[in-house]
Structure formats: structure tokens, C-alpha cells
Chemist: 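Dropping a structure here in C-alpha cells format, bear with me for questions.
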Amino acid sequence: MEFLILLVALLFGTVLVVGLGERIRLPYPVLMLIFSALFAFLPFLPEIHIDPELILPLFLPPLLYAAAQRSSWSVFRLRWRSLVLLAVALVAVTAAVVAGISWAFVPALGLPAAIALGAIVAPPDPVAVEAVAGKVNMPRRLVTVLQTEGLFNDAIAIVIFQAAVGAAVSGGEVDWTIIPKFLIGAAGAVLLGLGMGWLVGALNRFVPNLVARSAVTLVAPYAVYILAEELHFSGVVAVVVTALELGRRARPQDSEERLTRTAFWDVVELLTTGVAFGLVGIEMRYAIEDEGREIFGFIPGIAAVCIAVVLVRFLWMYGIYRFGGTEKRNNVPGSLKEVLVLTWCGMRGLATLALALALPATTLAGAELPGRNFMIVTAGAVLVTTLVLPGLTLPWLMRRLNLPSDHLAMERQERELAKRAERIALETMKRSTAADRLPPERRAALARRMSSLHSILERDAEADPQKMRQLKATLEVMDEVQREALAAARKEVLAARRQSGMDPEAVDRVLRRLDLRTVTLDHGPR
């Protein structure tokens, strides 16, 4: 019951913190972590722990799915070098460097445990990056690189962690077999993800209910993650592939379903992210209390690891900038400013904490796992260093660097696509046999509406800041008038409930239609 109360409190807290973050222009996951950690120290709060083995299965599938469905296979084909260099190579290099440093500062740790620590702190968190980077007007190409990196880097980190912990517990060593294990696990996960995408697509064609088809997308990430883990494949890769495959299989006529699903997943992602980072903050308090005064003896090693994590990422990004070949020509990163931004966005989060808490307390022989206290505290320090500090300062950094925007090029492509869409829509309408059944005036109205499709799809006037401000002001006034009109209509329908003989179900149905109604204010001819 106590955990249920905590969960409800975190859900309400997420909503409040989101509002606060919007007002003070700071990312809500960072604020949620800070506030939950502070509240956790209140003496009257009971001590509540969540099973470490449940943290990743509970929170990682929906959050990975929510992030992956905003991407596509085409993005991965374009950014495959980023995927290899950042999600695989950088994680492995960071883990190796951290293992060497931590072993040097704490020799009693042992090499396998040191490698486990490196795997814990190596992967940037896709949830943290998505939540923070999306709020600071970052160039879209940088956000895409961060998203690509974040979706797969947990996979190799988890494989390294499991192999290292197994060696530390059994007294063995980490050997080269970790590489084929990773490749086999990734390949199996891809097949599982493709299969789950096909299965969900078949269910969507079988189930007519729109709400049920949206609900199955919440079940699918958990199902494929658990199945992959049971088969010793990568659950992370399986979830991401499932989301990408479902996006590829989407049919043009399912626009209403996509709108409903997007709204549904916006709510799921916001609440899940808030609860996850709230639990991270609470668990940090327990980690600090458990270690007590031993923390002060860990400071030199902790500081060295924190510096190494940031420095390795900076040097890696700089190396891509200077020697990146094709990736350099694609301008990712294309300047020292972008190197700094991508370094600053290497935020650790949920995966780092969950792996740290998943460390076993004892070896198979019954002895205490060497260096476990140091590993947990170091993981918490890296999390604070790479998440809280960058999360609070990234808006200021973006303003200071004043990176050139890539919105103009994107808007130009959007205008071209809008005109292509309009041309095909008009051609298809002319060939449609169903249009012959319409009265002439309706066909003419439909043709006029299709002729203005490009102006609806493209975001013209945004290239000119003055026109953009004028357009924004106009749209705000139009939105205000629209809200007043719909509010008056809703009030009138509600008043009808008091009329004798009025069916309340009819009133409810009209109210639902009002809530779902999308009013398009089109100044073109009808």
C-alpha cells in the first residue's frame, strides 16, 4: 500500500513539476529528480524500496518505445555511422577507460567489478536526452544524432554489465566471448522485434476498436522486452525494432488511429518519465545513507571517474568532427560548438541507476562483493554530474553558443513535400470513381480544398521572423475566438440537459463530438 501511495504522489508531482518547468524554462525530469531527492530526506516519510530487477522492465520498454516511434528506419540508414560510433564504440571505450581508472584508485575492486562499473556509467540515457534536448531549440540534426545514440546504447552496456558481474561473482574473468554474445543477442532481438511488429499489425487489422488498437501498443513493448530477456536476447533492441517496424507498417488510411495513439503515448511518456526520475531521486537518498561516512574516502576515485566520463565523450566527439569522413560532411558534429553541445548532452539516468542497484551484494562463495559501495556511490555521482548540472545549464549554454539553425533547410523540404502531396491528391481525386457520385457543387468545393492543401501542410512565412511573429499573433487570436465559440457551444449543450424530455445520452454524445471536433479555419475559397 505504501508503494501505491508513493506512485500516486509521484504521478501528481509529475504534473505539478511539468507546469513549474514550463514557467521557469527548465526540463521537468531534472526538476523531478531534485525535488524527489529532497522530499525523500523528510523524516516522516517511510522508507520504500523498489526491487532493482523491476526498474528496467517496468520503465525502459514504454520509454524506449515512445522515443523510437518518433524515428524511422530511414533515419537509421542515414545515421548508421552515428549508431556504430556512439551507441557501440563510445560505450565500449567509456567502459574500458572507467574500468582502468576505478581499478587504479580502488585496487580491491578487481578487474571484473571495475568493468561492471564502466558499463554502469557508460550509456547516456535516451529518456533524459529526449526530455532535455527537446526543450532548448537545438538544431534538429543534433537531436536526431542523440536520439539514434540513445535508443541502442543500453544494449551493449547491459551485455558488458552482465558478463562482468557474472565474472566478479564467480571469481572468473571477462573474456572475448562477450562480443559474439552481443551480436547473437542483437540479431535475435531484431528478429523478435520484426515478428512483434508483424503480430501487432495483424491484430490491428483484426480488431476494429480504435482504443483497443492503441492499447495494444502499450502491451507490445513489455511483451517483446520480457520475451527477449527470457531468450537471453537484447530487450532494448527488440523494443526499438518493434516501434520502428510498426511505424513502417502504418497504413495511410489510419490517420485517426495515429492521432489517437500519439495523444495516448504523450500522456504515457510524460507520466512514466516523471515517475522514473522520481524513483531515481528517492533511491539516491538511500544510497547516500547506506554508505555513510565511507563516501568521503571515495571522493578522489569518484571525481576521477566523473571527469573521465565527460572527457572521453568530448574527445570522441572531437575525433568524429576532425576525422569523421562522411559523417563530417553531414555536419554531425560540424563545429566545435556542436562538439560541446553533444558532449554536454551525454546525460546518464534510469539505466545507470538501475544497473547500479542490480549489483549483487555477495559472491557465489558468500563473501561481500568487493567495492560494491564504491560502485553504487560512483554511479550516483556520475548521474548527478551528467544529468543535473547539464540539464540545468543546457538552456543557458544554447543561448551562449547561438548555434546556426537548420530550420530553413527543413522548411524548404517541407514546402516541396507539401506541393508534391497536393499534386498527387488532386490527380487521385480526378481519377476517383467515388467523386462522380457527388453533386457538382460538392466536387468543386472538394477541388478547391485540395488546391489549398500545400498551404495547410507547409509552414510558410516562418523564414521571415517578422512574418512569423505576425502569423503567430494572428493564429493566437483565431485560436482564442475558436475557444470562445466552442465553449459557448458546449455551455449551450450542457444547458439542454435541464430541458424536460431531453435524452442525457444524446447530450453526452454531442459533448464528446465537440471535444473531438477539430475546427480548421481556412481563409481560402470553399
Chemist: Kindly compute the distance separating CD1 (Ile160) from CD1 (Ile115), expressed to the nearest 0.5 Å.
Modeler: 8.5 Å
Chemist: Looking at Leu85 and Ala89, what are the two nearest heavy atoms and their distance?
Modeler: O-CB, 3.5 Å
Chemist: Could you give all pairs that pass the salt bridge (Lys or Arg N to Asp or Glu O under 4.0 Å) test and reach residues 300-313, with sequence neighbours left out?
Modeler: Glu149-Arg313
Chemist: Measuring only between side-chain heavy atoms, which start at C-beta, is Leu33 closer than 4.5 Å to Leu383?
Modeler: yes
Chemist: Using the rule given for side chain to side chain contact (heavy atoms under 4.5 Å, CB included), can you reason through Met196 versus Leu192, listing the C-alpha separation, both sets of side-chain angles and the distance that settles it, and then say yes or no?
Modeler: CA-CA 6 Å; Met196 182 60 71; Leu192 277 180; over 6 Å; no
Chemist: Would you say CZ of Phe264 has more than 12 non-hydrogen atoms from neighbouring residues, nucleotides or ligands within 6.0 angstrom?
Modeler: yes
Chemist: Between Asn153 and Leu86, is any pair of side-chain heavy atoms under 4.5 Å apart?
Modeler: no
Chemist: Looking at CG of Leu63 and CD of Glu269, how far apart are the two atoms once the value is rounded to the nearest 0.5 Å?
Modeler: 6.5 Å
Chemist: Using 0.5 Å steps for rounding, measure from the CG atom of Leu58 to the OG1 atom of Thr272.
Modeler: 10.0 Å
Chemist: Which heavy atom of Ile101 sits nearest a heavy atom of Ala304, and at what distance?
Modeler: CG2-CB, 3.7 Å
Chemist: Which distance, rounded to the nearest 0.5 Å, do you find between the SG of Cys345 and the CG of Leu340?
Modeler: 9.5 Å
Chemist: What heavy-atom pair brings Val190 and Val241 nearest, and what distance separates the two atoms?
Modeler: O-CG1, 3.7 Å
Chemist: Side-chain contact test, heavy atoms from C-beta onward, threshold under 4.5 Å: evaluate it for Val236 versus Ile158 and give yes or no.
Modeler: yes
Chemist: Applying the side chain to side chain contact (heavy atoms under 4.5 Å, CB included) test to Val97, which of Val312, Val309, Leu315 qualifies?
Modeler: Val312
Chemist: How close do Ala119 and Ala95 get, counting heavy atoms only, and between which atoms?
Modeler: N-CB, 3.9 Å
Chemist: Taking the side chain as C-beta and beyond, is there a heavy-atom pair between Ile120 and Arg348 under 4.5 Å?
Modeler: no
Chemist: Ignoring hydrogens and geometry beyond distance, is a side-chain donor-acceptor pair present between Thr343 and Trp316 at under 3.5 Å?
Modeler: no
Chemist: Grab the two heavy atoms, one from Ala238 and one from Ala228, that are nearest each other, plus how far apart they are.
Modeler: CB-CB, 3.9 Å
Chemist: Sequence neighbours excluded, which residues qualify as side-chain hydrogen bond (donor to acceptor under 3.5 Å, both in side chains) partners of Thr217?
Modeler: Trp265
Chemist: What residues form a salt bridge (Lys or Arg N to Asp or Glu O under 4.0 Å) with Arg248, not counting sequence neighbours?
Modeler: Glu245
Chemist: Kindly indicate whether the side chain of Leu246, heavy atoms from C-beta on, has any atom under 4.5 Å from the side chain of Gln69.
Modeler: no
Chemist: Does some side-chain heavy atom of Ile34 sit less than 4.5 Å from a side-chain heavy atom of Val388?
Modeler: yes
Chemist: Can you check side chain to side chain contact (heavy atoms under 4.5 Å, CB included) on Leu10 and Met32, steps first, answer last?
Modeler: CA-CA 9 Å; Leu10 290 175; Met32 193 68 188; 3.8 Å; yes
Chemist: Locate the shortest heavy-atom distance separating Pro62 from Tyr222; write the atom from each residue and the value.
Modeler: CG-OH, 3.3 Å
Chemist: What distance separates Leu146 CG from Met347 CE, expressed to the nearest 0.5 Å?
Modeler: 8.5 Å
Chemist: Would you mind reporting whether Leu117 and Trp103 have side-chain heavy atoms less than 4.5 Å apart?
Modeler: no
Chemist: Side chain of Thr94, backbone of Ala122: donor and acceptor closer than 3.5 Å?
Modeler: no
Chemist: Should Leu397 and Leu394 count as side-chain neighbours, where that means a heavy-atom distance under 4.5 Å?
Modeler: yes
Chemist: In Å, rounded to the nearest 0.5 Å, how long is the span from CZ of Phe105 to CD1 of Ile302?
Modeler: 11.0 Å
